[in-house]
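Notes follow the structure.
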Amino acid sequence: MLTITQQLTERLGKAIQKIQNSNIPEDYSATVTAATDTRFGDYQTNAAMALAKNLSMPPRELAAEIIKLLEVEDLCETPEIAGPGFINFRVKENTIVSRINEIRKCSRLGVENTHSPKKILIDFSSPNIAKPMHIGHIRSTIIGDCLVRVCRFLGHEVIADNHIGDWGTPIGQVIYGWKNHLDQEAFNEDPIKELLRLYQMIKEKFESDQEVNKACLEETVKLQSGDKESLELWNQFKDITMSGSQKIYDRLGIMFDTSLGESFYDSRLGPLVEDLLCNKIAKESDGAVCVFSNNELEPKNDPLLVKRDGNWIPVPCIIRKKDGGFNYATTDIATIDYRVNEIEAETILYVVDDRQSLHFRQLFEVARQRKINADLKHVSFGKILGDDRKPFKTREGSVPDLSTVLQEAVDRARKVVEEKSNNLSEEEKENVAEKIGIGAIKYAELSQSRVSDYVFSWDKMLSLQGNTAPYMINAFVRTRSIFRKLGNNLPEISEELSISADAERAIAIKLCQYGEIVPEILTDHRPNILATYLYELAQAFHSFYEQCPVLSTEGITKNTRLALCQTTSAVLQHGLGLLGIFPPEKM
RNA sequence: GCUCCCUUAGCUCAGCCGGAUAGAGCAACGGAUUUCUAAUCCGUAGGUCGCAGGUUCAAGUCCUGCAGGGAGCGCCA
C-alpha cells in the first residue's frame, strides 16, 4: 500500500528515466512533496528546476518535457507548470477515495512498518535517588516515552530504559546527612522531602566544608565496597524515591522495560578501566586514568581537544579519579558495553538535556576509538523557562516538583471543565480533567521543537484555541459525539464516497498523509512533526464540522461524511496515542 | 579565553533534504450559535526572518564574520 507521495514519486522517477540523458546525476532521486500551499494543488515537485542546469534547459521547458513523459492520468489531473518551474499535481477524486478506503480497512491507518527494523534502546527520564522528580525531568520523560511509542509502532524492537542515578557521591552525601542531621519526625511525615532536605544541606557543606567533604566521600567508598549498613540505607532511599517516581509514571501512563541504575554497572567499572589501559585506549595522567584524543579527527571536531591561546590542548575523558573512584563517564562507557554486548542494541538514544552535549560527544568518541558497533545518538533538548525567560521556578523560587505540576494541570483543567461541561457527571468531570490536564502537559512538551528552550505557560497549554491538547481533544470528542448520537443506528459505511465540498477534500487529503508523516518523526527524533500534523488535521476537521452537517444529510453525502469522521477519529486517537495522550469520549 | 546551542509579527511558537507571495495561536478589530458540543468556525490587521558578506537559477534554511542571549569547558553527575 503506497502513499500518494510514494506513487507520484515513483511515476516521476520513471518519467525522468525516459529522458535518457547522461547529464542527469546517477544519484539523483526526484521527490514529490505535499504542496506548500493548497492554492498550488495537492502535491508538487521541483525536479525540473533541480535538473535544469544539468540538462542546460530552461526549467519551465524541462517541466513541460517531464509532464509529457509523466503517466499519471489515473492518479491526478494533468500536472501544471507554475512559478519558476514547479510541477503541481492535483489529485483526482478517485485517488483520494481509494486511499481513504485503504486507510479505513487498515489497522495501521496507512502507516507502513519500517523496512529496516532495529533493536533500539532508549535511555530517558533518569530520576536520582533521594530527589523527587521535578520539572527538569519532564522533557526527557515525555519525549523519551513518545519516541518509544513511535519506534515500536514503526516495527522496531524497543527497550525503554530508565537509567536511574542511584550511585556515586550524592548517595554518600545523603548517607552522611542521614547519620548526622536526620529529623526523624519530618522523615516519618514525608520521607522523600526529608531526604531532599538532607541532600541539599550536605551538598552545600560539601563544597565549603573540608571535613564534610571527606566524610561524604568516605561514606561513598563504604557503600561501594559493600558495607552492610550502607547498603541497607541505600536500599531504603531507593525504595522511597522509586515509589514516588512510580506514582508519577503511573499517572503519565509511562512504562519502562528495564530500570537498571548506575549501581548495576558498578562491578564492571574496575575491569573496564583495566581493559582500556591494556588496549592503550586509556592511560595514566596526573594519577588519574584518562582517554585522550588519538588525533584521528580534525581538532575542531574532536571533543577531547580544546583550543587555548591558539593551541589545541587535550581535554581528556577521565575514567578513574586520582583517588581511585570512578565517575559518570566510566559508568556510561560500561553501560554502552552492556547495552551493545548483552542487550544487543543496535541503536542507543539518549534523551538528555543539551547541557550534557560535550559529555556525550566525549562518550561517543571513546566508543568510536573502541570501535563499538552501534549507532549512538544524543537526543538533546533545551530548558523550560518561566515568564521572565529565566529557568522555570515556583513562586517561592524553588524548582517545581513534578507531582505538584501534574496536579496543578489537572486542577486547572477541572476548573475549565466545571465552567464548560456541566452536562457531565462528577465522575466524568474528574476523568475528563485528568485526561485534559495530563494531556496538556504532554502536548505542550511534544508540540515544541525539542532543541530550543520554551516558556512554560499554564494559560497557553490549557487554552481552548491554538495548538493545544484541549483543542485536539475537542476535535476527537466532536467525532465521537456524532457516532454517539447515531447509537445503534450506525449505518454500514460503504466504500462509495463522493468528495466534493472543499472542506471534505481538505480533510481527506490530510488523512491520506498520516502514513507519510509518522516515519518522518524518526529522521531527527522530533515528535513536534507529528503534533503539527495532528493540529492541521484537527483544524481541518473543526472547519469541516462547521461547514458540513453529517447526520442531517442522506445517501452518498452522509456515507462520505461518516467515513471521513470515522477515519479522522481513528487517526486523531492513534496519533495522540503515539504522543502518549489518551483523549476522553466526552468533554 | 575556547566550544556548542539559540535569535522569525507586540507576545508565544511552526517552518523537514535550500524552492513559489515566510505560516499558526494569543492579544486587537469585525462577523457566525433555535448546533452533529461556540472548548468551535469565518474574516481584517500585523514581518528588513539579529546584522553584514558569500555560495546558488533560488537562502529564514547552507558557508564565513560580527552582535545579543543561554549553556558547557581534567578528576560533580
Side-chain angles (χ1 to χ4, degrees), chain A residues 31 33 35-37 39-40 44 46 49-50 52-53 58-59 82-86 88 126 128 165 167-170 203 206-207 262 285-290 300 303 305-309 313-323 325 327-329 331-332 353-359 361 380 382-383 385 389 391 416-417 419-421 423 436 447-449 451-455 457 459-460 462-468 470-471 473-475 477-479 481-486 520 523-524 526 528-529 531-532 535-536 539 542-543 545-552 561 565 586-587:
Chain A
T31 52
T33 56
T36 51
D37 188 320
R39 280 173 302 185
F40 303 130
Q44 65 182 48
N46 57 22
M49 290 181 294
K53 203 165 188 189
F86 288 98
N88 291 327
S126 310
N128 297 312
W167 211 236
T169 328
K203 194 184 170 208
F206 185 84
E207 313 279 336
E262 292 168 351
S285 168
D286 293 336
V289 178
C290 308
K300 68 172 187 156
L305 293 177
V306 68
K307 200 176 196 174
R308 200 155 293 168
D309 301 328
I313 64 161
V315 195
C317 176
I318 295 170
I319 57 174
R320 193 172 70 200
K321 296 185 280 186
K322 183 154 65 173
D323 68 5
N327 49 18
Y328 190 36
T331 307
D332 274 356
D353 75 85
D354 61 11
R355 286 175 302 186
Q356 300 196 38
S357 62
L358 179 60
H359 165 72
R361 286 179 61 217
S380 71
K383 285 179 290 297
L385 309 175
R389 298 207 72 98
V416 184
V417 169
E419 221 172 275
K420 307 271 185 183
S421 312
N423 52 327
I436 291 181
S447 59
Q448 301 281 337
S449 163
V451 291
S452 46
D453 298 347
Y454 78 94
V455 175
S457 160
D459 290 341
K460 188 182 170 189
L462 288 164
S463 163
L464 322 161
Q465 277 129 18
N467 194 4
T468 65
Y471 181 88
I473 292 173
N474 187 36
V477 164
R478 280 179 143 185
T479 65
S481 79
I482 288 171
F483 292 100
R484 195 164 47 243
K485 209 94 181 176
L486 279 168
E520 273 184 43
T523 56
D524 196 28
R526 292 190 327 205
N528 73 307
I529 289 180
T532 302
Y535 176 51
E536 286 165 1
Q539 273 183 315
H542 278 305
S543 181
Y545 186 89
E546 298 282 336
Q547 288 169 51
C548 300
V550 180
L551 298 180
S552 58
R561 293 181 179 176
C565 288
K586 299 184 196 171
M587 68 189 279

Would you say [X] reaches [N]'s phosphate, i.e. side-chain N/O to OP1/OP2 under 4.0 Å?
| X | N | value |
| --- | --- | --- |
| A:S481 | B:U37 | yes |
| A:Y454 | B:C11 | no |
| A:S543 | B:C42 | yes |
| A:S452 | B:U12 | no |

Atom pair distance, as rounded to whole Å: [atom1] in [X] and [atom2] in [N]:
| X | N | atom1 | atom2 | result |
| --- | --- | --- | --- | --- |
| A:E546 | B:G43 | CD | P | 12 Å |
| A:H542 | B:C41 | NE2 | P | 6 Å |
| A:Y545 | B:C41 | OH | P | 12 Å |
| A:Q547 | B:A32 | CD | C1' | 12 Å |
| A:F40 | B:U21 | CZ | C1' | 7 Å |
| A:Y471 | B:A24 | OH | P | 12 Å |

Mind checking [X] for me? I need base, sugar-phosphate or nothing, with any heavy atom below 4.0 Å counting as a touch.
| X | value |
| --- | --- |
| A:A50 | base |
| A:N88 | base |
| A:T31 | nothing |
| A:V455 | sugar-phosphate |
| A:P470 | nothing |
| A:Q44 | base |
| A:E536 | nothing |

Please state the [atom1] separation for the pair [N] and [M] - nearest whole angstrom.
| N | M | atom1 | result |
| --- | --- | --- | --- |
| B:G46 | B:A28 | C1' | 10 Å |
| B:C6 | B:G15 | P | 12 Å |
| B:C36 | B:G10 | P | 42 Å |
| B:G30 | B:U7 | P | 35 Å |

request  = Tell me the stems RNA chain B sits in, counting at least three consecutive Watson-Crick or G-U wobble pairs, each under 3.5 Å on both distances.
outcome  =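 For RNA chain B the paired stretches long enough to count as stems (3 pairs minimum) are B:1-7 with B:67-73, B:10-13 with B:23-26, B:28-32 with B:40-44, B:50-54 with B:62-66.
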message = Using a 4.0 Å heavy-atom cut-off to protein, can you give one letter per nucleotide of nucleotides 64-76 of chain B, 5' to 3': B if the base is in contact, S if only the sugar-phosphate is, - if neither?
response = ------SSSSBBS
task = Summarise how protein sits on nucleotides 25-31 of chain B as a single string, 5' to 3': B when a protein heavy atom is under 4.0 Å from the base, S for sugar-phosphate-only contact, - for no contact.
result = SS-----
ask   = Who are the ring pair (Phe, Tyr, Trp, His ring centres under 6.0 Å) partners of A:Y471, not counting sequence neighbours?
value =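 Partners of A:Y471 under the ring pair (Phe, Tyr, Trp, His ring centres under 6.0 Å) test: A:Y535, A:H542.
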query = From the list B:U3, B:A20, B:C41, which nucleotide is the closest neighbour of the side chain of A:R361?
reply = B:U3
inquiry  = Using the side-chain heavy atoms of A:K485, tell me which of these nucleotides is nearest: B:A20, B:C41, B:U37.
reply    = B:U37
query = Quick one: does A:L462's side chain get under 4.5 Å of A:T468's, heavy atoms only?
reply =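 No; the side chains remain at least 4.5 Å from each other.
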key: More than 12 heavy atoms from other groups under 6.0 Å of CZ on A:R355   = no
Do any N or O atoms of the protein come closer than 3.5 Å to N or O atoms of nucleotides 58-63 of chain B, and which pairs are they?
none

Test side-chain hydrogen bond (donor to acceptor under 3.5 Å, both in side chains) applied to A:S543 and A:Q547, step by step = CA-CA 6 Å; A:S543 181; A:Q547 288 169 51; 3.0 Å; yes
message = Both A:N423 and A:P84 contact RNA chain B. Taking the nearest nucleotide for each, which residue is further toward the 5' end?
response =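 The 5'-side residue here is A:P84.
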task = Find which nucleotide of RNA chain B each of A:T33 and A:T36 is nearest to by heavy atoms, and output the residue with the more 5' nucleotide.
result =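 Nearer the 5' end of the strand: A:T33.
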inquiry  = Holding to side-chain hydrogen bond (donor to acceptor under 3.5 Å, both in side chains), I want the full list of residues that pass it with A:Q465, two or more places apart in sequence or in another chain.
reply    =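 Testing A:Q465 for side-chain hydrogen bond (donor to acceptor under 3.5 Å, both in side chains), a comparison that skips the adjacent residues, returns none.
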